[in-house]
Structure formats: structure tokens, C-alpha cells
Amino acid sequence: MTIIAFNRYWVVRWPWVMANLFVVTILLGLSFWQWQRAAEKSHTLARIASWQQQGAINLMRLSSINPGEQDGVQLQFNARWLSPMVWLVDNQMVDGRIGYDVLIAVEDVTANSSARSALLVNLGWVVGPLDRNSLPSIDVPEELKVDGIFRTRIKGVLLGKNIEDKGTWPMRLQQVDIESLNSWIQLPLVNGLAYQGKNSPYLHHYNPVILPPERHKAYALQWFLLALAVIVIALAASSRKHPQGATS
């Protein structure tokens, strides 16, 4: 099929057109997805900044906030470690080295008996032994000051068994899952995870967003330009110069 327009022949081959439309649709979809990710990251950073301006709160105050609005809250309170429970979150890489995030459960020492609850706290990172059959030695104080950020969006993709229970502590953990860990704790477990700040015996490496919104916007522009390039190349490949003097 041939179309004459703008003083040129345009050769239309439908399989070629459909293939190009398919590629362009995918590229535009990736561009839109990256733009959405940028908006989500901007919203997350704005929410965290807002909570930082309001100041840190304790665990009892957290329970009075709507669960849908708790993400990003700054926590600060004196806590008691629920000994002897220590989980080591597996496959955590820092500076090219594989190790574990140290996870414990605590309670607010100021909470009354009727309002007691437990909170999971990520204390930070520790390097793992080369031997997978060994786990690092973990030292946790009986009482500590929790000072960090509370996140509710923590669950990732689980492959295989989550908790490696060999009857001793610490235990290796594949991912933080409130439901599976709740069975180990006698107190009600808050639905979320506190990331301890730099005041921790272990390496603080948590970042609320791995890629900033600007990077996602750059990726969105990249995918959009690739889609535009495919369109331009397809048009150029199907174009033929109109012979001089010919009528349309």
C-alpha cells in the first residue's frame, strides 16, 4: 500500500507498521512507568520531610495515628529488647560486601500494661562470615533508645522458606514479614519497621529512596526519546521522494 502526501511516497507495510507500533507502545509504557515512579518518590520524600518537621514521637503516639498515614514517621523512645530474639536479614550488600541487617523486637518501656505492643527495629548492617553455615555474633543491649524512621512498606519478594530455625539465636531471615514474625512474639506486633538512625552499634545504611525522583524522570525522558526515534526511523524507512512533475 502506497500513500502520497507532503510531496513524498509513503510505503505502508502492515506487518512493519504493527511491529513498530508494538515497540513504541512498550517504550511509551516504560516512560510513563518511570514518570509514575518519580511522582511516588517525590511524594515519599515530601511525606518524610513533613514528619521530620513535626518532630519524633513514641510508640504509644504512633498507635493513635491512622495506619495509612504512619509511613515516614520519626520515632524516638526508650525501648526494651525482647530477648533473645534476633533475626539476620539475609543478602544485604553494602560497599560490595555481603552481610546481614540486624533485626530485633522491642517494646516501649513507658507503656502501661494495657497498651503494650512490640515493634521491629532494624539496627543496621553487619558483615557476614564467608562460611554460610556460620552466623555473625550479635550483641544487643537489654535497653536502648530507638531513634529512626518508621516505614510501613517493607515486604519484598519471598523465594523459599522465610525463617531458618535451627533452635538457636540469631536466626537467618529472608525478608521482613510481620505475619510470620508475629508468631514468635507474645505482644501485638506493630505493622511496620523502624530503621535505627546513626546512633546504632551496627552500620547504618538505610535510604528511604534508592533512586531519587530526578533519576526516574531522566529514565522517563530516555524511554520517550527512544520511542520518538523509532517513529522517526520508521517514517524515514517508508518514505520515498515524489517524482518531479507527478500528480497526486
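Note that the numbering runs from 1 along the sequence shown for the chain.
Surrounding CD of Q186 are at most 12 heavy atoms belonging to other residues, nucleotides or ligands under 6.0 Å away. The number of heavy atoms from other shown groups lying within 6.0 Å of CH2 (W81) is above 12. In this structure, W223 places its CH2 atom where only 12 or fewer heavy-atom neighbours from other residues, nucleotides or ligands lie under 6.0 Å away.
When the options I138, V121, L193 are evaluated for a side-chain contact (heavy atoms from CB on, under 4.5 Å) with L103, the one that passes is L193. When each of E40, K41, R47 is tested with H43 by the rule side-chain contact (heavy atoms from CB on, under 4.5 Å), just one qualifies, namely R47. Shown are L62, D108, I149; of these, the side-chain contact (heavy atoms from CB on, under 4.5 Å) with L75 is made only by L62.
In the hydrophobic clustering of this structure, L120 does not group with F150; members are Ile, Leu, Val, Met, Phe, Trp, Tyr whose side-chain heavy atoms approach within less than 4.5 Å, directly or through other members. Two different hydrophobic clusters hold L187 and L119 under the rule that ILVMFWY side chains link at heavy-atom gaps under 4.5 Å. Linking ILVMFWY side-chain heavy atoms closer than 4.5 Å, directly or via other members, places V230 and F224 in a single hydrophobic cluster. Note on W87: it does not cluster hydrophobically with V102, by side-chain heavy-atom contacts below 4.5 Å among ILVMFWY residues.
Rounding to the nearest 0.5 Å gives a distance of 4.0 Å between CD of Q76 and NZ of K145. Residue M93 holds its CE atom at 12.0 Å from NE2 of H205, rounded to the nearest 0.5 Å. With rounding to the nearest 0.5 angstrom, the OG atom of S63 is 6.5 Å from the CE atom of M60. The CG atom of D101 sits 9.0 Å away from atom CG of L203, with the distance rounded to the nearest 0.5 Å. Expressed to the nearest 0.5 Å, how far CD1 of I163 lies from CD of Q174 amounts to 10.0 Å. Atom-to-atom distance recorded for I178:CD1 and S183:OG is 11.5 Å, nearest 0.5 angstrom.
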Q: Any chance you could lay out the side-chain contact (heavy atoms from CB on, under 4.5 Å) test for E142 and R80, step after step, and finish with the verdict?
A: CA-CA 6 Å; E142 291 296 327; R80 181 184 297 109; 5.6 Å; no
Q: Please assess I26 against L30 for the test side-chain contact (heavy atoms from CB on, under 4.5 Å), listing each intermediate value before the final yes or no.
A: CA-CA 6 Å; I26 291 177; L30 289 171; 4.2 Å; yes
Q: Give the C-alpha distance, both sets of side-chain angles, the deciding distance and a yes or no for side-chain contact (heavy atoms from CB on, under 4.5 Å) between V209 and R215.
A: CA-CA 11 Å; V209 295; R215 182 73 64 84; over 6 Å; no
Q. After noting the C-alpha distance and the side-chain angles of I48 and Q52, does the key distance pass the side-chain contact (heavy atoms from CB on, under 4.5 Å) rule?
A. CA-CA 6 Å; I48 292 173; Q52 287 176 336; 4.0 Å; yes
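A side-chain N or O of R151 and one of Y206 form a donor-acceptor pair less than 3.5 Å apart.
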